[in-house]
Amino acid sequence: FQPRLLAGRTVLVTAGPTFEAIDPVRGLTNRSSGKMGYAVARAAREAGAEVVLVSGPTALPAPHGVQRIDVVSAQEMFDAVMARVGAAQIFIATAAVADWRPVHVHAQKQKKQEGEGAPAIALQPNPDILATVAALPQPPFCVGFAAESENLAENAAAKRLRKNVPLLVGNLGPDTFGRDDNRLELFDAAGHHPLGSGDKLVLARKLVAEIAARLDRSGG
Ligand code: C5P
């Protein structure tokens, strides 16, 4: 039983990978399955929130009662988030947003040219959705995720400050992509403490409870 901790609140969640087109058939992406973000969206809905899930390409069904908005690229995810963030009191960024996108998207499939070397793909940076939302004049309560392969505590604490978010969730699993379980650690202004390990939905419910408690403390 999950008490209705977030009743009356709107939660905006990003999830999944983004896909950055190179040409009509190719692109840059990553191995994010979206499972953690979908679990967070489901847990927030269970807790009574209105939930808007902005999702990159995944194979997952939308959780019951959650409004899902499908996007492909990081820029589309950015636009979808910025159009809706004004209505949200909580923003949870779980998406594995591609850091870079090709400068040129070719209109036709690029052909292999006999005798020519491999083509170079010029890249430009994508907008940082979480940092942009956190920098709004009246931001929602912002929660970021960090998957670090080394020095998690140091890197996650630094990332929290860099993105200027009150709460950052560190993924401790060596490789949680596509898995149903995870191990999470919370980083906030007071330091860090483990949230636990296990099923992503169980962890998501714990995270929702932590967020609700912080909102209540801040009077938000
Ligand atoms: O900088 P890094 O990608 O490691 O930060 C991870 C956090 O920032 C995640 O919460 C992710 O969803 C968010 N992020 C974002 N937009 C980006 C890059 C990361 O919202 N362009």
Side-chain angles (χ1 to χ4, degrees), residues 11-21 27-41 43-44 51-58 60 68-85 88 90-103 123-136 139-177 182-188 192 195 200 203-204 207-208 210-211 214:
V11 180
L12 184 60
V13 181
T14 65
T18 66
F19 178 92
E20 312 297 331
L28 303 174
T29 188
N30 61 65
R31 295 195 299 121
S32 167
S33 66
K35 283 182 180 173
M36 193 65 231
Y38 277 58
V40 167
V51 181
V52 180
L53 173 62
V54 178
S55 176
T58 74
L60 302 172
R68 167 169 156 184
I69 293 155
D70 287 312
V71 297
V72 175
S73 67
Q75 186 63 51
E76 285 172 20
M77 185 174 278
F78 178 88
D79 293 342
V81 165
M82 296 317 285
R84 290 164 183 85
V85 72
I90 302 167
F91 177 57
I92 308 174
T94 73
V97 183
D99 290 323
W100 307 95
R101 66 174 183 273
V103 174
L123 300 175
Q124 63 185 326
N126 274 325
D128 190 318
I129 303 167
L130 177 59
T132 305
V133 170
L136 289 171
F141 185 86
C142 288
V143 182
F145 271 70
E148 302 287 344
S149 52
E150 54 184 4
N151 298 334
L152 178 93
E154 222 170 282
N155 288 327
K159 184 166 295 183
R160 191 185 75 78
L161 294 175
R162 198 167 57 244
K163 305 237 179 192
N164 196 24
V165 296
L167 184 61
L168 192 109
V169 185
N171 262 305
L172 292 170
D175 184 356
T176 70
F177 285 114
N182 206 352
R183 186 149 75 90
L184 300 180
E185 178 112 1
L186 298 185
F187 294 80
D188 63 16
H192 58 102
L195 190 68
K200 285 179 175 173
L203 290 171
L207 176 61
V208 160
E210 291 274 350
I211 293 168
R214 284 152 208 272

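Ligands are counted one by one from 1 in listed order, and the atoms in each one are counted from 1 as well.
- Closer than 4.0 angstrom to ligand 1 by heavy atom are A93, T94, A95, V97, P127, D128, I129, L130, G144, F145, K159, K163, sorted by chain and number.
- Within the 4.5 Å cutoff, no side-chain heavy atoms of L186 are placed close to those of D188.
- No side-chain donor-acceptor contact under 3.5 Å links S73 to the backbone of F19.
- No side-chain heavy atom of Y38 sits under 4.5 Å from any side-chain heavy atom of T94.
- Scanning all heavy atoms of the two residues, the minimum distance from L136 to P139 falls at O-CD, 3.1 Å.
- For the pair R183 and L203, the minimum side-chain heavy-atom distance is 4.5 Å or more.
- Between N126 and M77 the shortest side-chain heavy-atom distance does not fall below 4.5 Å.
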